[in-house]
Amino acid sequence: MGGTMGKSFDIQLIGVFLPKLLSYLHITLFILAAALLLGLLIGFIIVIPRLYQVPVLNRLVMIYVSFIRGTPILIQLVLVYYGLPELLHLVHIDVTNVGAIVFVIITYGLHIGAYVSEIVRSAVLSIDRGQLEAAYATGMTGRDAFIRIVLPQALVIALPNFGNLVISSMKDTSLAFSLGVMDMVGRAETLLTTNHFLEIYMSLAIIYYAICIVLERLFAAGEKRLMRHERKITVDRAGGLQHYS
């Protein structure tokens, strides 16, 4: 390949570019970890109005979730990066010196939070109400019933979807470079001056794929462990509830 398509392909250069890109992996993982923490916090907060059907708040959360699910993450990045400073400026808060990575984390946190709320809501609502009624009949409080009956089963149901969300979000962090964040993709963009486009992006693909494989196996192991733990749980508060699986 020559001209605008770059130089002739050299597979040995993948070994050269891999360490250069991996040196920025910590930034990609930091964005993902920080966004997940923020997303989990947002998700668990906004799921409450949905579960308890709180007037007005429930509707607002539905609109928020619908907007996040119905718009590309790149558009969300641009809206937060340019829109949030304008909104804060109205209340005399200046964020012009805040780094782009903060806006990236906020965007991904809002994005993840919307999906987490739906994952949690669907998992909790899937639990048979009869089990809760039986728990109350044995004298359990609402808190105990949630922790001992609902939560273990909801975790098993939610974990596969949450794992998919984490993997999807990790791949989505590749768009952070669009706001000037120097992560792995940002570093790859600076290497394009070598005109070895294919080798650079093959190196990126290898790294992202390897991370996805690791995450998939971690979540699969976690799911297997939760299911094994759930099968061992026997609620016996007052002579009680049958073992469930």
Give the minimum heavy-atom separation between Ala158 and Ala123, together with the two atoms involved.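 Looking at all heavy atoms of both residues, the closest pair is CB-CB, 3.9 Å.
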Is the shortest side-chain heavy-atom distance between [X] and [Y] below 4.5 Å?
X: Leu40; Y: Phe162; result: yes
X: Ile211; Y: Met170; result: yes
X: Phe67; Y: Val65; result: no
X: Ile42; Y: Val116; result: no
X: Ile213; Y: Glu216; result: yes
X: Gln76; Y: Leu110; result: no
X: Leu175; Y: Ile73; result: yes

Among pairs that include at least one residue of residues 163-180, which meet side-chain hydrogen bond (donor to acceptor under 3.5 Å, both in side chains), considering only residues two or more places apart or in two chains?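 Residue pairs with at least one partner in residues 163-180: there are none.
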Extract all donor-acceptor atom pairs below 3.5 Å that involve side chains of residues 16-37 and protein atoms in other chains or at least two apart in sequence.
residue: Ser23; atom: OG; partner: Lys20; partner atom: O; Å: 2.6
residue: His26; atom: ND1; partner: Ser23; partner atom: O; Å: 3.2

Partners of Arg50 by salt bridge (charged side-chain N to carboxylate O under 4.0 Å, His left out), sequence neighbours excluded?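 Expected list: Glu118.
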Would Leu218 and Ile119 show up in the same hydrophobic cluster when neighbours are defined by side-chain heavy atoms closer than 4.5 Å?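 Shared cluster, no.
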